[in-house]
Amino acid sequence: MANIPFLLVLIIVPFVLIGMSSAQLTSNFYNSSCPNVLSVIKTTVNSAIATESRMGASLLRLHFHDCFVNASYLTNFPYSGCDASVLLDDTSSFTGEKTANPNSGSIRGFDVIDTIKTQVESSCAGIVSCADILTVAARDSLGGPSWTVLLGRRDSTTASLSTANSDIPAPTLNLSSLISSFSNKGFNSREMVALSGSHTIGQARCTTFRDRLYNETDINATFATSLKSNCPQSGSDNNISPLDTTSPTTFDNVYYKNLRIQKGLLHSDQQLSSGGSTDSIVNTYSSNSATFFTDFANAMVKMGNLSPLTGTNGQIRKNCRKTN
């Protein structure tokens, strides 16, 4: 590289390292070592959602909150993006991510992952990582767009409460902060808006949208009034309301249609359609669900491949809640 200008080196090297990292993930990673793993995951996820329709959104959120913590353009062992660190319980040597502000009292789906892991271990002991199980489970939880999940991630041996607090975007962020937060992980504005479309399913706690109901003006008045009985000005912090009140358990593009008429539940949701740079993307997705599905799937693949632990880094946990 002696004859390559320094600036060009700075541009090239990160992409070389990203390629080296994600190239170790393959769609057929378990074809020989655990051929039934994908069907086991899908069957268990379908059963969990049949029991509780909200579980699909919970598994998707669990994956997102796993991947966004410590993810970067470069592999930064022992930390990485989708490494199942969110599944770890606290130990004497570290405080995990389950009690971080974005997760405490709201993150869920651990029992479903435990069930999958137990079934997989019974036939393929020590082969399939918790990180891969969670990544596939998130894909299978939607009932909407699908994509090929590259496999071969390994599990972290630690977790970080402080990084979970700093890395996961808050529901109070303005558009510029949202763009910056996602840009720090390598996502452009369009990918950020596409990933935000996951809010077409799931629920949010009153404490995350109370200020919007009572203090913001860019909210449909009838919509706000309909939510206030379940989310009073004080108390009832953990009461939940659908992020998409029109079709709360269906993965579709109605979330974006709602944003265009000021029916975004969270402040961060409505910021995507607030007269700013992302309005045109919201408009595109609201009128073309196929484009949204395609962009969402591509962004999910990209998120799942952020700085994974592969090769001999990390481990294959026997129990997703604790290291070996």
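Heavy-atom basis, side chains included; hydrogens, waters and symmetry copies ignored. All values derive from a computational prediction rather than experimental measurement.
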Using 0.5 Å steps for rounding, measure from the [atom1] atom of [X] to the [atom2] atom of [Y].
X    : Y    : atom1 : atom2 : answer
F296 : S289 : CZ    : OG    : 13.5 Å
T91  : R321 : OG1   : CZ    : 15.0 Å
I281 : D295 : CD1   : CG    : 9.0 Å
T115 : I133 : OG1   : CD1   : 10.5 Å
Q24  : L150 : CD    : CG    : 12.5 Å

Shortest non-hydrogen contact from [X] toward [Y]:
X    : Y    : value
G152 : T310 : O-CG2, 3.8 Å
Q270 : K263 : OE1-N, 3.5 Å
H65  : N103 : ND1-OD1, 2.6 Å
L175 : L272 : CD1-CD2, 4.2 Å
D237 : R205 : O-CB, 3.6 Å
V254 : T246 : CG1-CB, 3.5 Å

List for me each residue that meets side chain to side chain contact (heavy atoms under 4.5 Å, CB included) alongside [X], sequence neighbours excluded, and say none if there are none.
X    : value
A57  : I201
K322 : N319
S268 : P171, L178, L266

Heavy-atom check, side chain of I41 versus side chain of D140, under 4.5 Å: yes
Set of ring-ring contact (aromatic ring centres under 6.0 Å, His included) partners for F64, sequence neighbours left out: F68
Which residues share a ring-ring contact (aromatic ring centres under 6.0 Å, His included) with F293, sequence neighbours left out: F251
Pair listing, ring-ring contact (aromatic ring centres under 6.0 Å, His included) test, anchored in residues 254-275, at least two apart: Y256-Y285, Y256-F292
Pairs meeting criterion ring-ring contact (aromatic ring centres under 6.0 Å, His included) with involvement of residues 198-246, two or more places apart: none
Shared hydrophobic cluster for L243 and L195 (ILVMFWY, side-chain gaps under 4.5 Å): no
Pairs touching [range] that satisfy disulfide (SG to SG under 2.5 Å), sequence neighbours left out:
range            : value
residues 132-176 : none
residues 223-257 : C206-C231
residues 104-163 : C34-C124, C130-C320

Treating [X] as the side-chain partner and [Y] as the backbone partner, does any N or O pair qualify as donor plus acceptor under 3.5 Å?
X    : Y    : result
N101 : N165 : no
D155 : A131 : yes
D252 : T200 : no
S181 : S177 : no
S104 : A100 : no
S166 : T163 : yes
S183 : S180 : no
S53  : I49  : no
R317 : R154 : no
E216 : D211 : no

Side-chain cluster (under 4.5 Å, hydrophobic types only) that L88 belongs to, other residues: F94
Remaining members of the apolar cluster that contains I240, side-chain heavy atoms under 4.5 Å: none
N-O pairing of [X] and [Y] below 4.0 Å:
X    : Y    : result
K98  : D90  : no
D218 : R212 : yes
E191 : K185 : no

Test item: side-chain donor near acceptor, S247 and D244, under 3.5 Å: yes
Enclosure of K318 NZ (heavy-atom neighbours >12, cutoff 6.0 Å): no
